[in-house]
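The structure under discussion appears below in the form of structure tokens.
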Amino acid sequence: MAEYSFREIEKKWQAYWENQGTFLAEVNPEKPKFYTLDMFPYPSGAGLHVGHPLGYIASDIVARFKKLKGFNVLHPMGYDSFGLPAEQYAIQTGQHPAITTEENITRYTEQLKNIGFAFDWTKEVRTSDPSYYKWTQWIFMQLFNSYYDLEADKALSIDSLISRFEKEGNSRVKAVCDEDTQAFDAAAWKAFSEKEKQEILLKYRLTFLAETSVNWCAALGTVLSNDEVKDGFSERGGHPVERKKMMQWSMRITAYADRLLQGLEKVDWSEPIKEMQRNWIGKSIGAEVVFEIKGSDKTIKVFTTRVDTIYGVTYLALAPESELAAELITEDQRATAEAYIEVAKNRSERERMSDVKTISGAFTGAYAINPFNGEEIQIWVADYVLAGYGTGAVMAVPAHDERDYNFAKHFNLEIRQVIDGSMENGSFPGKGGLIINSGMISGMYMKDAMIKAIEFLEEKGIGKGKIQYRMRDAIFTRQRYWGEPLPVYFKDGLPYLIDEKELPLILPEVDKYLPTEDGEPPLGRARDWTYKTSEGEFPLEKSTMPGWAGSSWYFFRYMDPKNDAEFAAKDKTDYWGAVDLYIGGSEHATGHLLYSRFWTKFLFDLGAVSIDEPFQKMINQGMIQGRSNFVYRVKGTNTFVSHGLKDQFDTSDMHVDVNIVHNDQLNLDKFKAWRPDLANAEFVLEDGKYHCGAEVEKMSKSKYNVVNPDDIIERYGADTLRLYEMFLGPLEQFKPWNTNGIDGVFKFLRKLWNLYYTPAGDFAVSVAEPSKEEFKALHKAIKKMEEDMTHFSFNTSVSSFMICVNELSSLKCNKRGILEPLAVLVSPYAPHIAEELWALLGNTESITKTSFPAFDEKYLIENIHEYPVSINGKMRVKLTLPLSLTVPEIEAVAMADPNVQKWLEGKAPKKVIIVPGKIVNLVV
RNA sequence: GCCGGGAUGGUGGAACAGGUAGACACGCAAGACUUAAAAUCUUGUGAGAGCAAUCUCGUACGGGUUCGAUUCCCGUUCCUGGUACCA
């Protein structure tokens, strides 16, 4: 066999790895561990396109590299298999989503296996599998049975809260709970009925049922979380989304806001991703201030980050949804104010967002009293105030806040300056200035004034310092079929958990996957969707969990996927620990990555795992975009003009399938065969070729720019695909898929192959001692790969392999001493060809069992070496010096250099520091 | 609007600590082999001038720091990701 026949080789080694269990990963305390993880895919009906494997290839390279370096590597793959597309398909066709999902998974697995990943497939997980979602439900139950204790700063069991209530009521309990929780003492607690007790406990539980304002998507018939909504439309499907009040399960993720923020300091993620999470959590430090209302015993609580400007408050503004606002309206303002509230409330979120510039509001007629100076100030209703943030009320300081300023200008309200500085054409004195016209805090700067003002508030009992988060509690229910059922039944209208022994609560069969006629979720169609206890039969929860439930803990399940007694055994989670390298897209920054951190912290509090950050290092690979090709048809004819000549004709452009275009040249025969109407197409060519136009767009079927990895593998092989995806550019960069350069990578593999063969096609490797040049070529590549592995710049490693093989081939190197380590070196990138060559060299064990070739610097040293010279830490000149020179000789040559002389101006340097091979420092 | 990331030949991209810009690859051109094509190999390939050695200009644009800037600083333009009345 002389030809590089990748088809045979790849099939052979993929079967070998599977039969030998080469990549099975088991706990082994003798060896250091390395956990590489990819964001598992949702198995969609379209199959994998060429963009999906990008990150998987990168992590596979790292996994194989680490294995060669002696690590025990866990590198699993699985499927996030609950999701909307399968359900939508089920609605249209009546086919059970489980069947569609199964088919898609089969196809995905087949496609993935063709690429030759070092996955341990025995660790595969599927979120829609009952043996998996049993534990998703179990985690939900633990959350239900926990509350967040602020003194311990962790989640504790709800039973411990109950025993505190029995002893002393709730007045001294510092815990995260609903705003409206009333105080009670031990006696009162004991006097409460079972129902009342449960209602109170629900206000503390980490997952709870409450009436919440949600993003309702009528077209999908379900609620969506904030990160599933983009610009007022659903992320999947692009349907309009509106705000609606509904009873929903929520997760008290806000209890963890601060720990989620602090945890970011400990992990090695890119700064932009951390920043996105910080913004999403949106911590603001400020104060809550209570304003009394004139002629009423009601009060208005506002949140502000700038109490120091309190003397500049000239009105209060309430959100239109505020019930208090409706109550406060006086007779003379009733007509206008109520009309305004009606209009504002009915404006959809979408309208409100797209129309930020229009200023609107209405005076209620009521007045509040500024607690600092006793002044009466008007109370307004304004739709720039959001009901969902802070207290839904704002103290307006028009002089120092842009929105307040615009509002005051529009309605002709007073603008009172309390920070020194000029205020001209819309520029506001900011945080730096001295505070003026402000009674007790005049003459202070912001920081001191805030402290003083908060002290005053707390003394008087009319406010306090407060930290507010932008992040809301996460809605945890979806009115869908294809998701995890919640292990909850209802008694007296209150939720109770089912018995843990009953898990998993299996998703029931339904006749249709649509909501019921009376608007209940699809599970409302299930027969016997009830729970039987000794007390009777009770209805089960009809909503299911959101998509992010299953993906928030799958990285633990990979460690122990078949465990039926625990979500994962403690000794296994302790051994594998946090994910050492997580590769995936940045689009999950505010969804999956935040929820996973939240659940991990919770499991940590529970003592179920020993880590509280799941992903130590993360790389965000850039999306691969499509690159569309165009042909230019002369209008009204069947004649197509090459790109360069199209301006000479009246043409219209047309997408052409990128798979019949190579290097932007159209394959004319394939084009004629592409569609029947093109069979008799005619062409106007340039230099005998048809050049297509190209444009970067999203990869989509309708643009004929989808490239299937299977096609690339069929034509060039998996090793070429792997190398090429890496060669395309930096992993983190967004880039269009473009096969223009793939021939070069394929040629490289063929050249590599030919190193082991004579021109006549015989396998021939000599045992002669390699020359210095040969060692040098190899060790340059070894060094480069080791360095690249620390910065994840896979693209330049591929280049360094190419250089190495080019040099070896021009040296006609066929020596075992070089070719054996060379096969190992390239094996993480191109594992199939490496295994084949390794076996040809007479090795009987897989190449993955050997170790990475040791780098030796001595091979890189040349006779002539360039020394950069730097003087006084500033001047640096590169000199070409023979390596044999002694230190004084190097110094002499450096001193004789014209640039150095110019710099020294005749003076002698005080000290000469020479770092061999590095830098000569001359200190003046 | 606010917060990130980016802009280098015909193309994808190198330059990892301020020190020979354009590695490597594609494409293109010329040549070798071939009846021919494909494949392979060799050479050239940022722009301009020159027979040539060589010189000048060049990393989006305008400035600055430095002996020296793709790299650091200030300003501008364009592309791109996130987020958006968050008080």
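Every chain is numbered from 1, with letters handed out A, B, ... down the list of sequences. Side-chain atoms are counted along with the backbone in the values below, which use heavy atoms only and exclude waters and symmetry mates.
As rounded to whole Å, 11 Å separates atom P of C85(B) from atom CG of D383(A). Between the CD1 atom of I359(A) and the C1' atom of G1(B) there is a distance of 14 Å, given to the nearest Å. Put simply, CZ on F727(A) is 5 Å from C1' on C24(B), counting in whole angstrom units. For the pair K409(A) NZ and C85(B) P, the computed distance is 25 Å after rounding to whole Å. The distance between atom CG of L731(A) and atom C1' of G13(B), rounded to the nearest whole Å, is 15 Å. For F746(A) and U40(B), the CZ to C1' distance is 13 Å, given to the nearest whole Å. N806(A) places its CG atom 13 Å from the P atom of A23(B), with the value rounded to the nearest Å. What separates CG of L318(A) from P of C85(B) is a distance of 19 Å, to the nearest Å.
In this structure, G9(B) shows a glycosidic angle within 90 degrees of zero, which is the syn conformation.
Between C24(B) and G18(B), the two P atoms lie 23 Å apart (nearest whole Å). A60(B) sits 16 Å from U71(B) when the C1' atoms are compared, rounded to a whole Å. C74(B) and G22(B) have their P atoms separated by 29 Å, given to the nearest Å. As rounded to the nearest Å, G48(B) and U43(B) have P atoms that lie 24 Å from one another. Spacing between U66(B) and C28(B) at atom P, rounded to whole Å, works out to 48 Å. Here the separation of C72(B) from A7(B), taken at their P atoms, is 11 Å to the nearest Å. Taking the P atom of each, G6(B) and A15(B) are spaced 14 Å apart, rounded to whole Å. Rounded to whole Å, the separation between the P atoms of U65(B) and A17(B) comes to 26 Å.
No contact: P736(A) has no heavy atom under 4.0 Å from any strand. Residue E732(A) is classed as having no contact, given no heavy-atom separation below 4.0 Å to the nucleic acid. Residue contacts for F734(A): at a heavy-atom cut-off of 4.0 Å it reaches no nucleic acid atom on any strand shown. Looking at heavy-atom distances under 4.0 Å, S284(A) makes contact with sugar-phosphate atoms alone, never a base. Within the 4.0 angstrom heavy-atom criterion, only backbone atoms of the sugar-phosphate kind lie near R750(A); the bases stay farther away.
R597(A) has its side chain within reach of Q277(A): a pair of non-hydrogen atoms, C-beta onward, lies under 4.5 Å apart. Taking 4.5 Å as the limit, every side-chain heavy atom of F407(A) sits out of range of all side-chain heavy atoms of V385(A). By the 4.5 Å heavy-atom criterion applied to side chains, F748(A) and Y724(A) are not counted as neighbours.
With G82(B), G13(B), A87(B) as the choices, the nucleotide that has an atom nearest any side-chain atom of T304(A) turns out to be A87(B). Among A87(B), C3(B), G5(B), the nucleotide with an atom closest to any side-chain atom of P272(A) is G5(B). Checked against A87(B), C3(B), C41(B), the side chain of K751(A) finds its nearest nucleotide in C41(B). For K747(A), the listed nucleotide lying nearest its side chain is U40(B); candidates were A87(B), U40(B), A14(B). Side-chain proximity of T590(A) to the nucleotides U83(B), G27(B), G13(B) is greatest for U83(B). Side-chain proximity of R470(A) to U83(B), A87(B), C85(B): nearest is U83(B).
Here the straight-line distance linking atom CD1 of I467(A) with atom NZ of K283(A) works out to 4.5 Å at 0.5 Å rounding. Atom OG of S800(A) and atom CG of D788(A) lie 6.5 Å apart (nearest 0.5 Å). Rounded to the nearest 0.5 angstrom, R306(A) CZ and S284(A) OG are separated by 13.0 Å.
Formation of a donor-acceptor pair under 3.5 Å by the N814(A) side chain with backbone atoms of T758(A) is not found in this model.
In a base pair of the Watson-Crick type (N1 to N3 plus N6-O4 or O6-N4) or a G-U wobble (N1-O2 and O6-N3), with each distance short of 3.5 Å, G19(B) is matched with C67(B). With a cut-off of 3.5 Å on both Watson-Crick or G-U wobble distances, the partner of U34(B) is given as none. A25(B) is paired with U11(B) under the criterion used here, namely a Watson-Crick or G-U wobble arrangement in which both key atom distances are under 3.5 Å. Pairing for A49(B) goes to U54(B), judged as Watson-Crick or G-U wobble with the two contacts each under 3.5 Å. If you check U59(B) for Watson-Crick or wobble pairing at under 3.5 angstrom, you find it has no partner at all. When both distances must be under 3.5 Å, the Watson-Crick or G-U wobble mate of G81(B) is C3(B). Figure legend. A87(B) is base-paired to no nucleotide; pairs are counted as Watson-Crick or G-U wobble with both atom distances under 3.5 Å.
Environment of CE in M623(A): sparse, with no more than 12 heavy atoms of neighbouring residues, nucleotides or ligands closer than 6.0 Å.
For E786(A) and K783(A), the salt-bridge test fails: no basic side-chain N is under 4.0 Å from an acidic carboxylate O. Look at E271(A) and R278(A) and you find a salt bridge, because one of the NZ, NE, NH1 or NH2 atoms lies within 4.0 Å of a carboxylate O, short of that distance.
For the pair Y389(A) and A87(B), the criterion of a side-chain N or O lying under 4.0 Å from OP1 or OP2 is met. OP1 or OP2 of G13(B) lies within a sub-4.0 Å distance of a side-chain N or O belonging to Q733(A).
Ranked by how close their nearest RNA chain B nucleotide is to the 5' end, E271(A) and V745(A) are led by E271(A). Residue-to-nucleotide proximity on RNA chain B shows that, of I742(A) and M395(A), the 5′-proximal contact is made by I742(A).
Of all the residues in residues 781-805 of chain A, N795(A), T796(A), S799(A), M802(A), I803(A) reach under 4.0 Å from RNA chain B with at least one non-hydrogen atom.
You'll find the ring centres of Y315(A) and F411(A) outside the 6.0 Å limit.
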